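Here's the structure, in structure tokens; my notes come after.
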Amino acid sequence: MEITEDIQYVGVNDHQIDLFESQYKVPDGMAYNSYVILDEKTAVMDTVDVHFTKEWLSNIASVLKDRKPDYLIVQHMEPDHSASIAAFMEKYPETAIVGNAKTFDMLCNFYGHCYTNTVTVKEKDTLNLGKHILHFVFAPMVHWPEVMMTYDETDKVLFSADAFGKFGANDVEEPWLDEARRYYIGIVGKYGMQVMNLFKKIGGIEIKTICSLHGPVLSGDLTPYLNAYTKWASYTPEEDGVVIAYTSVYGHTREAANLLAEELTARDVKTEVYDLARCDIHQAVAAAYKYSKVVFATTTYNADIFPPMRFYMENLTERNFQNRTVAFIQNGSWAPMAEKVMRGILEKSRNLTYCEHNVTIKSAVTEANKEEIKALAEELSK
């Protein structure tokens with residue numbers, strides 16, 4: 001695929017994978033993106049997962065034809081982007097590997113290869129390919145410490161490493177936003193401050209195209225993508241709405257969650273409900289970052305909370321959950337403890353507004369509980 005006159009896409013699609021990083025469900029597969037810049041000197045941007053090395057090398061050969069690559073630029077050392085380096089260097093041994101000091105430390109640690117034909121770059125260094133001048137922008141902890149991005153000043157292309165990526169193979173057509181959100185929150189969500197620091201670095205440059213290591217090439221009006229990333233990185237809700245995340249052992253807490261959803265819908269409040277024992281937990285995590293309000297509904301369990309709820313809440317707090325309105329529905333037949341435990345989990349979360357009308361169920365939902373649920377819905381709708 002031609003990105004610009006001189007930049008070609010040589011990545012691959014993976015439909016064999018079921019869990020990305022062994023935890024994120026990817027029913028539409030994954031893309032491992034790589035690019036070739038053709039100039040007086042040629043540069044290959046990153047490699048691919050080891051299971052697709054042969055296909056990737058074939059793609060490169062079809063683009064290079066009778067030419068040899070001068071540079072292999074390694075922006076990110078996660079194995080889904082670096083595991084084919086050895087095979088590439090075996091085929092093209094005269095190529096210089098371009099990376100930073102941390103890149104080469106990791107290369108030795110991961111693969112036992114300590115190459116000598118290398119170019120070690122620093123922040124703001126440039127690489128001249130002829131017509132194309134590449135600028136290196138370091139992006140530590142977006143989302144690994146060695147990550148760097150590459151800006152081609154000629155075609156105004158930002159090779160953005162994992163940033164602006166999404167779940168899903170590139171031969172599956174689907175909107176960018178939902179799977180990009182789930183990808184960002186799951187993988188990069190903890191590092192909002194580092195993403196905002198990156199934005200300060202690239203804020204003054206003209207970008208026409210973003211070439212990520214996962215997902216489609218982004219071009220045209222880039223504003224929606226940049227706006228989404230700015231909101232995610234600053235932990236700002238995308239829109240007003242309520243996520244109801246619940247666990248239920250015998251169905252009573254589920255009943256309360258559904259009653260609240262009905263009351264909110266009747267008040268024209270956008271609402272999404274997640275059964276944490278059965279749903280894609282990372283989709284529920286992403287939803288909590290999309291909307292402005294979250295209701296946690298669970299049972300007291302061994303003087304704690306039901307395990308899927310604890311797992312969910314710890315996923316949120318690990319990713320710096322903040323700037324939200326929060327409410328609780330707790331259920332406990334003899335000693336309700338769930339709300340106390342959930343508040344404790346959220347103690348370190350910043351800028352949370354707690355609702356006044358929380359609900360306590362003792363076994364089954366009563367008429368009094370239904371009135372409490374209505375009061376909570378009214379508070380959440382304001």
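Everything quoted here is computed from the prediction, not taken from an experiment.
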Can you say whether the rings of H214 and Y32 are parallel (under 30°), tilted (30 to 60°) or perpendicular (over 60°)? perpendicular

Under the criterion side-chain hydrogen bond (donor to acceptor under 3.5 Å, both in side chains), which of D304, T247, N331 is the partner of T298? T247

If you count heavy atoms of other groups shown closer than 6.0 angstrom to CZ of F110, is the number above 12? yes

Could you check if a side-chain atom of I60 sits within less than 4.5 angstrom of a side-chain atom of V44, using non-hydrogen atoms only? yes

Tightest non-hydrogen contact, residues A297 and M309, listed as O-CE, 3.4 Å

d(T4 OG1, Y35 OH) to nearest 0.5 Å is 12.0 Å

Between the side chains of T230 and N227, does any donor sit under 3.5 Å from an acceptor? no

Donor-acceptor pair, side chain of R182 and main chain of H282, under 3.5 angstrom: no

Side chains of D6 and H132: is there a donor and an acceptor less than 3.5 Å apart? yes

Under 3.5 Å: donor-acceptor pair, side chain of D105, backbone of K102: no

Given side-chain contact (heavy atoms from CB on, under 4.5 Å), test L346 with Y354 step by step and report yes or no. CA-CA 11 Å; L346 296 175; Y354 291 93; 3.6 Å; yes

At their closest point, which heavy atom of Y115 faces which heavy atom of A86, and how far apart are they? OH-CA, 3.5 Å

Run S84 and W56 through side chain to side chain donor-acceptor pair (under 3.5 Å) and show every step you take. CA-CA 9 Å; S84 296; W56 172 68; over 6 Å; no

Check whether any side-chain N or O of E339 sits under 3.5 Å from a backbone N or O of F328 as a donor-acceptor pair, and report yes or no. no

Any donor-acceptor N/O pair, D80 side chain to D49 backbone, under 3.5 Å: no

Decide yes or no on side-chain contact (heavy atoms from CB on, under 4.5 Å) for I345 and Y312, but give the supporting numbers first. CA-CA 11 Å; I345 294 172; Y312 176 66; over 6 Å; no

Enclosure of H51 NE2 (heavy-atom neighbours >12, cutoff 6.0 Å): no

Kindly indicate, with the supporting measurements, whether the criterion side-chain contact (heavy atoms from CB on, under 4.5 Å) is fulfilled by Y246 and V273. CA-CA 8 Å; Y246 77 87; V273 182; 3.6 Å; yes

If you draw a 6.0 Å radius around NZ in K201, do more than 12 non-hydrogen atoms from other residues or ligands fall strictly inside? yes

How about F199: does its CZ atom have over 12 heavy atoms from other parts shown lying under 6.0 Å from it? yes

Decide whether T47 and S82 meet the rule of one side-chain donor and one side-chain acceptor closer than 3.5 Å. no

Grab the two heavy atoms, one from Y92 and one from P69, that are nearest each other, plus how far apart they are. CD2-CD, 3.3 Å

Hey, is the main chain of L316 close enough, under 3.5 Å, to the side chain of Y289 for a donor-acceptor pair? yes

Using only atom types and a distance under 3.5 Å, with no angle test, would you say the side chain of T325 pairs donor to acceptor with the backbone of K293? no

Once rounded to the nearest 0.5 Å, what's the spacing between atom OG1 of T209 and atom CG of D152? 9.5 Å

So Y225 and W176, would you call those rings parallel, tilted or perpendicular, with 30° and 60° as cut-offs? perpendicular

I'd like to check L259 versus E263 (side-chain heavy atoms, cut-off strictly below 4.5 Å). Are they in contact? no

Compare every heavy atom of M148 with every heavy atom of I73, then report the nearest pair and how far apart it is. CG2-CE, 4.2 Å

Consider only side-chain heavy atoms of I, L, V, M, F, W and Y, link residues closer than 4.5 Å, and tell whether V50 and F52 are in one cluster. no

Is the shortest heavy-atom distance from the side chain of V142 to the side chain of V188 under 4.5 Å? yes

Above 12 or not: heavy atoms from other molecules or residues under 6.0 Å from CD of E2? yes

Between D162 and H143: side-chain donor-acceptor atoms closer than 3.5 Å: yes

May I ask you to decide if the ring planes of F20 and Y24 are parallel, tilted or perpendicular, using 30° and 60° as cut-offs? tilted

If we count only N and O atoms by modelled type, under 3.5 Å, do the side chains of H81 and Q75 hold a donor and an acceptor together? no

Heavy-atom pair with the smallest gap, counting every atom of N170 and G215: OD1-C, 2.9 Å

For P145 and M106, the nearest pair of non-hydrogen atoms, with its separation, is CG-CE, 3.8 Å

Is the number of heavy atoms from other residues, nucleotides or ligands within 6.0 Å of CE (M193) greater than 12? no

Could you walk me through whether E372 and N369 pass side chain to side chain donor-acceptor pair (under 3.5 Å), step by step? CA-CA 5 Å; E372 293 171 346; N369 289 145; 3.0 Å; yes

Donor-acceptor check, side chain of S349 to backbone of F321, threshold 3.5 angstrom: yes or no? yes

d(K362 NZ, T300 OG1) to nearest 0.5 Å is 10.5 Å

Are R181 and D178 close enough for a salt bridge, meaning some N to O gap below 4.0 Å? yes

Taking NZ, NE, NH1 and NH2 as the nitrogens, is one of them in K374 or E378 under 4.0 Å from a carboxylate oxygen of the other? no

Under 3.5 Å: donor-acceptor pair, side chain of N33, backbone of S212: yes

Tell me whether K156 at atom NZ has more than 12 heavy atoms from other residues, nucleotides or ligands lying less than 6.0 Å away. yes

Knowing that exactly one of T42, V98, L129 qualifies, which makes a side chain to side chain contact (heavy atoms under 4.5 Å, CB included) with D70? T42

Does one side chain, of S62 or N59, offer a donor that lies under 3.5 Å from an acceptor on the other? no

Output yes when E239 and K270 qualify as a salt bridge under the 4.0 Å nitrogen-oxygen rule, no when they do not. yes

Grouping I, L, V, M, F, W and Y whenever their side-chain heavy atoms are under 4.5 Å apart, do L198 and W232 come out in a common cluster? yes

Crowded around E356 CD? As in, over 12 foreign heavy atoms under 6.0 Å? no

Rounded at 0.5 Å granularity, tell me how far OH in Y184 sits from OH in Y191. 11.0 Å

Hey, is the main chain of F88 close enough, under 3.5 Å, to the side chain of K91 for a donor-acceptor pair? no

List the steps, then state whether side-chain contact (heavy atoms from CB on, under 4.5 Å) holds for E55 with V48. CA-CA 10 Å; E55 179 184 349; V48 300; over 6 Å; no

When rounded to the nearest 0.5 angstrom, what distance separates CG in L177 from NZ in K166? 10.5 Å

For the CG atom of N315 and the CD1 atom of I185, what is their distance to the nearest 0.5 Å? 11.5 Å

Donor on one side chain, acceptor on other, T360 and Q330, under 3.5 Å: yes

Check whether F164 and I207 end up in the same hydrophobic cluster, where Ile, Leu, Val, Met, Phe, Trp and Tyr are linked by side-chain heavy atoms less than 4.5 Å apart. yes

Taking R324 for the side chain and Y235 for the main chain, is one N or O donor matched with an acceptor at less than 3.5 Å? yes

